[in-house]
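What follows is one structure encoded as structure tokens, with my remarks underneath.
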Amino acid sequence: QVQLVESGGGSVQAGGSLRLSCAASGRTLSSCAMGWFRQAPGKERDFVAAVSRSGGTTLYADSVKGRFTISRDNAQNTVYLQMNSLKPEDTAVYFCAAVVRYTASRRASDYDYWGQGTQVTVSS
């Protein structure tokens, strides 16, 4: 079992930055590929970014490529999402997810463990 807790969300103006954190307990994150997803009101949960177990491979949605960076610190059992140049369309609840496997994935159905989410609101 893996318990995930996101933090770092908040309200920011367009062009600003936030860094989300996802802290894990119950199992070491070093055995997991990790992902970030987001869900805006009335919309489906969308892929944002993912990182392989080793951190050697990262994947990004086209909408965030060049603005967001996913990283991990296995020693701290934490995954991060650095979000720069935020836009109003980035407003959503952001979820951290984990799966016990090596490779990163864009598919929400591949992930077994989810956090409760953290709200990010970007105003224009």
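Being a predicted model, the structure only gives us computed values, none of them experimental.
- Residues Val64 and Met83 form no side-chain contact, since every pair of their non-hydrogen atoms from C-beta on lies 4.5 Å or further apart.
- Of the candidates Phe95, Trp114, Tyr94, Trp114 is the only one forming a ring-ring contact (aromatic ring centres under 6.0 Å, His included) with Phe37.
- Here the closest heavy-atom approach between residue Met34 and residue Cys22 is recorded as CE-SG, 4.2 Å.
- Counting all heavy atoms, side chain and backbone alike, Ser17 lies closest to Gln82 at CB-NE2, 4.0 Å.
- Contact annotation: the side chain of Arg67 never approaches that of Tyr60 to less than 4.5 Å [non-hydrogen atoms, C-beta and beyond].
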Between Asp90 and Lys87, does the salt bridge (Lys or Arg N to Asp or Glu O under 4.0 Å) criterion hold? Intermediate values first, please. CA-CA 5 Å; Asp90 294 319; Lys87 305 175 181 180; over 6 Å; no
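- In this structure, Asp62 CG and Phe47 CZ are separated by 10.0 Å, a value rounded to the nearest 0.5 Å.
- Summarising the geometry of Thr91 relative to Ala40, their closest heavy-atom pair is O-CB, 3.8 Å, with the distance given to 0.1 Å.
- Arg72 places a side-chain N or O within donor-acceptor distance of the main-chain N or O of Ser52, the cut-off being under 3.5 Å.
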Does the pair Tyr102 and Ser54 meet the rule for a side chain to side chain donor-acceptor pair (under 3.5 Å), with working shown? CA-CA 7 Å; Tyr102 184 84; Ser54 69; 3.0 Å; yes
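- When all heavy atoms of Ala50 and Ser105 are compared, the pair lying nearest together is CB-O, 3.5 Å.
- Residue pairs meeting the salt bridge (Lys or Arg N to Asp or Glu O under 4.0 Å) criterion with at least one member in residues 48-59, sequence neighbours excluded, do not occur.
- Note that CG of Leu86 is 10.5 Å distant from OG1 of Thr121, once rounded to the nearest 0.5 Å.
- For the atom pair Arg106 CZ and Asp46 CG, the distance stands at 12.5 Å (nearest 0.5 Å).
- In this structure, a donor-acceptor pair under 3.5 Å is present between the side chains of Thr103 and Arg101.
- Scanning both residues, Leu29 and Ala24, for their nearest heavy atoms gives CG-CB, 3.3 Å.
- Here the OG1-CD1 distance, from Thr57 to Ile70, works out to 11.5 Å after rounding to the nearest 0.5 Å.
- Rounding to the nearest 0.5 angstrom, the gap separating the CG atom in Asp112 from the CD atom in Gln1 is 9.5 Å.
- Taking the side chain as every heavy atom from C-beta outward, Phe68 and Leu18 never approach each other to under 4.5 Å.
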